[in-house]
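Below is one structure; the comments refer to it alone.
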Amino acid sequence: MTDSGDQLRTGGRATDIDRRVRNAEMVDRIEALDVDYPLRFAVAGDSGAWSDATAEGIFSELVRQVAATEPAFFVNLGDFAGPGTPERHARYLELVGALPVPNICVVGNHDLDDLRGRETWERVHGPMNFEFAYGHTRFVAIHAVTRIGRHDRREPADAIVGPDRADLDYLDAAFAAADEPNRVVLMHMPPDHGGRFAPHENWGFGRYEDDFHELLRTHGVKLVCCAHGLAFDQHLHDGVRFVMSGGGGSGLCSHLRGVCIEGEGAPEDRGALFHFVEIQIAADGTVSGRVVQAFDDPARSRITF
C-alpha cells in the first residue's frame, strides 16, 4: 500500500496502485533471493478475466495455498484484471497482498480489453516484455495476445496471433544475451500445436508458430508456461515441456476429459479443476512439477509430471 502521492487517480479518486513499476520491483526481489536447488516456483492464470465474486473466492484460496507451499516466487500468467481498468488492477493487488513471496504478472488478452488497458498495464506493471534470472535459469516473459481467437466460431490457425514480430525479437535478444544455461518462457497464449486444444483450437496461435519454435530450439528452451485455455494441460513438443495453467478461478472448460465428456478420462487427468502448478528445476536442469487443486491439502497432488 502506498501513500496518496504514489496512487493512480481515476475518476477523481485514488486507487491503491503504486506508480512505480511493480514487475521491476518483484524482479529485484527475486534476483536478490538466496538460491537453493531445485528452484521452485508456482504459476497460475485466468484468475480474473472479468469481475466475479466466485472467481475471487477461488483465487483467494489458491493464494493461501501458494503461500503455504512457500515457493521462491509466484507468476500469474495473465487474465487476472479484466477488462484492465485501474480499479481491477487495484483489486488484484489486494488479493495477492497476502502472498509473502515475490509475485509477477504476465499480460493476458482480457487485461487489455479496456480502451486504456495497455496504458494502465504499463503504468502499473511496466513493460509487457521483461526478463530476470534466478540461479541457473533465465526467465523471459512476453506479450502473446496480439489477435486472439473467438469462442463462437473456429478460425484458421494462422489467423490467431500470440506474440508478434517485435515480441519474438525481444525473446531472441534476451536469450542471446543470457549466460544462464536453463531458459523458461512465460506467456499467456500457447501455440496451436496441431489443434491440440480442440474443440477450442483457437486457444493456440498459429501465426509465427514455426518462428517461435525455432527460437526455442536455437536458445535451448526447455519449459514454456502459459494459460489462456481454461484448463490444465502439459505435454512435450519437440523436446520442450509446455505447461498450461488456466484454472485460476475465472471458469473451466470440461471438453478436455471433463465432466461433460463421454468415454475414457476424468476431470483429474486433464482439464476440469481450479488449480495452480508448482514447478521445480533441478541443479542439472531437469524440469518436474505438480498440480495443486483449489481447496485441497497444498501438500497433496493428484497430477505430477
Side-chain angles (χ1 to χ4, degrees), residues 23 27 30-31 35 37-45 71-78 104-108 127-146 160-194 196-197 203-229 232-246 277-289 305:
N23 273 339
V27 163
I30 293 170
E31 293 188 330
V35 177
Y37 295 102
L39 305 184
R40 193 165 56 87
F41 62 100
V43 302
F73 59 90
F74 170 72
V75 182
N76 195 309
L77 294 165
I104 60 175
C105 298
V106 176
V107 69
M128 297 182 193
N129 295 332
F130 62 96
E131 59 177 295
F132 60 95
Y134 179 49
H136 62 9
T137 302
R138 173 65 52 170
F139 295 80
V140 180
I142 60 171
H143 164 271
V145 289
T146 301
I160 313 305
V161 189
D164 62 18
R165 285 291 185 188
D167 303 317
L168 294 178
D169 288 345
Y170 180 90
L171 186 70
D172 188 20
F175 283 136
D179 294 325
E180 297 79 14
N182 301 295
R183 287 94 189 273
V184 176
V185 177
L186 307 171
M187 61 198 298
H188 184 63
M189 188 191 304
D192 174 70
H193 285 172
R196 177 174 177 83
F197 306 111
W203 279 352
F205 65 88
R207 182 82 58 88
Y208 307 135
E209 180 181 12
D210 291 343
D211 298 319
F212 176 69
H213 284 118
E214 180 60 32
L215 286 177
L216 301 186
R217 286 190 292 271
T218 297
H219 296 296
V221 176
K222 295 301 182 185
L223 174 65
V224 175
C225 300
C226 52
H228 193 54
F232 165 75
D233 183 53
Q234 70 85 24
H235 68 288
L236 286 171
H237 182 93
D238 196 19
V240 181
R241 187 172 300 279
F242 286 80
V243 176
M244 185 178 79
S245 178
V277 182
E278 182 185 89
I279 297 174
Q280 295 190 11
I281 304 178
D284 65 359
T286 302
V287 174
S288 60
F305 57 89

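Note that the structure is a prediction, hence the values are computed from the model and not measured.
Between Gly162 and Met189, the closest heavy-atom pair is CA-SD, 4.1 Å. When all heavy atoms of Ala133 and Glu31 are compared, the pair lying nearest together is N-OE2, 2.8 Å. When every heavy atom of Val106 is checked against every heavy atom of Ala141, the shortest pair comes out as CG2-CB, 4.1 Å. Residue Asn76 comes nearest to Gly45 through the heavy atom pair OD1-CA, 3.9 Å, listed as atom of the first residue, atom of the second, then distance. The two residues Pro190 and Met244 come nearest to each other via the heavy atoms CG-SD, 4.2 Å. The shortest non-hydrogen separation linking Ala174 to Val140 is CB-CG2, 3.8 Å.
Atoms CD and CG, on Glu131 and Asn23 in that order, are 13.0 Å from each other to the nearest 0.5 Å. Between the CZ atom in Phe305 and the CG atom in Leu236 there is a gap of 10.0 Å [rounded to 0.5 Å]. The structure places CD of Gln234 at 10.5 Å from CG of Leu223, a figure rounded to the nearest 0.5 Å. Between the CG atom of Leu39 and the OH atom of Tyr134 there is a distance of 5.5 Å, given to the nearest 0.5 Å. For the atom pair CZ of Arg183 and OG1 of Thr218, the computed distance is 11.0 Å after rounding to the nearest 0.5 Å.
Side-chain contact check for Tyr170 versus Pro163: every heavy-atom pair is 4.5 Å or farther apart. The shortest distance between side-chain heavy atoms of Asp167 and Thr146 falls below 4.5 Å. At a threshold of 4.5 Å between non-hydrogen side-chain atoms, the residues His228 and Phe205 do not count as touching. You'll find the side chain of Ile104 reaches within 4.5 Å of the side chain of Leu186, heavy atoms only. Contact annotation: the side chain of His237 never approaches that of Val224 to less than 4.5 Å [non-hydrogen atoms, C-beta and beyond]. The shortest side-chain heavy-atom distance between His213 and Val240 does not fall under the 4.5 Å cut-off. Counting heavy atoms from C-beta on, the side chains of Val185 and Leu216 come closer than 4.5 Å. Contact annotation: the side chain of Glu180 never approaches that of Thr137 to less than 4.5 Å [non-hydrogen atoms, C-beta and beyond].
No donor-acceptor pair under 3.5 Å is formed between the side chain of Ser245 and the backbone N or O of Phe232. Not a single donor-acceptor pair under 3.5 Å links the side chain of Arg196 to the backbone N or O of His235. Under a 3.5 Å cut-off, the side chain of Tyr37 and the backbone N or O of His136 do form a donor-acceptor pair. Put simply, the side chain of Asn129 never gets that close to the backbone of Leu171: no donor and acceptor are under 3.5 Å apart. Checked by atom type and distance alone, the side chain of Glu209 pairs as donor or acceptor with a backbone atom of His193 at under 3.5 Å.
Taking a 6.0 Å sphere around CG of Asp284, one finds it holds more than 12 heavy atoms contributed by other residues, nucleotides or ligands.
Side-chain polar atoms of His143 and Asp164 form no donor-acceptor pair below 3.5 angstrom.
Ring orientation note: the planes of Phe175 and His219 are tilted relative to one another, at an angle of 30° to 60°. Using bins of under 30°, 30° to 60° and over 60° for the plane-to-plane angle, the ring pair Phe132/Phe130 lands in the parallel bin. Below 30°, between 30° and 60°, or above 60°: for Trp203 and Phe197 the angle between ring planes is between 30° and 60°, a tilted geometry.
For Gln280, the side chain to side chain contact (heavy atoms under 4.5 Å, CB included) criterion is met by Pro38, Arg40, Glu278, Ser288, not counting sequence neighbours.
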Steps toward side chain to side chain contact (heavy atoms under 4.5 Å, CB included) verdict (Val184, Ile279): CA-CA 11 Å; Val184 176; Ile279 297 174; over 6 Å; no
Side chain to side chain contact (heavy atoms under 4.5 Å, CB included) between Lys222 and Ile281, intermediate numbers included: CA-CA 10 Å; Lys222 295 301 182 185; Ile281 304 178; over 6 Å; no
Candidate pair Phe41 and Phe139, rule ring pair (Phe, Tyr, Trp, His ring centres under 6.0 Å), full reasoning: CA-CA 12 Å; Phe41 62 100; Phe139 295 80; 5.3 Å; yes
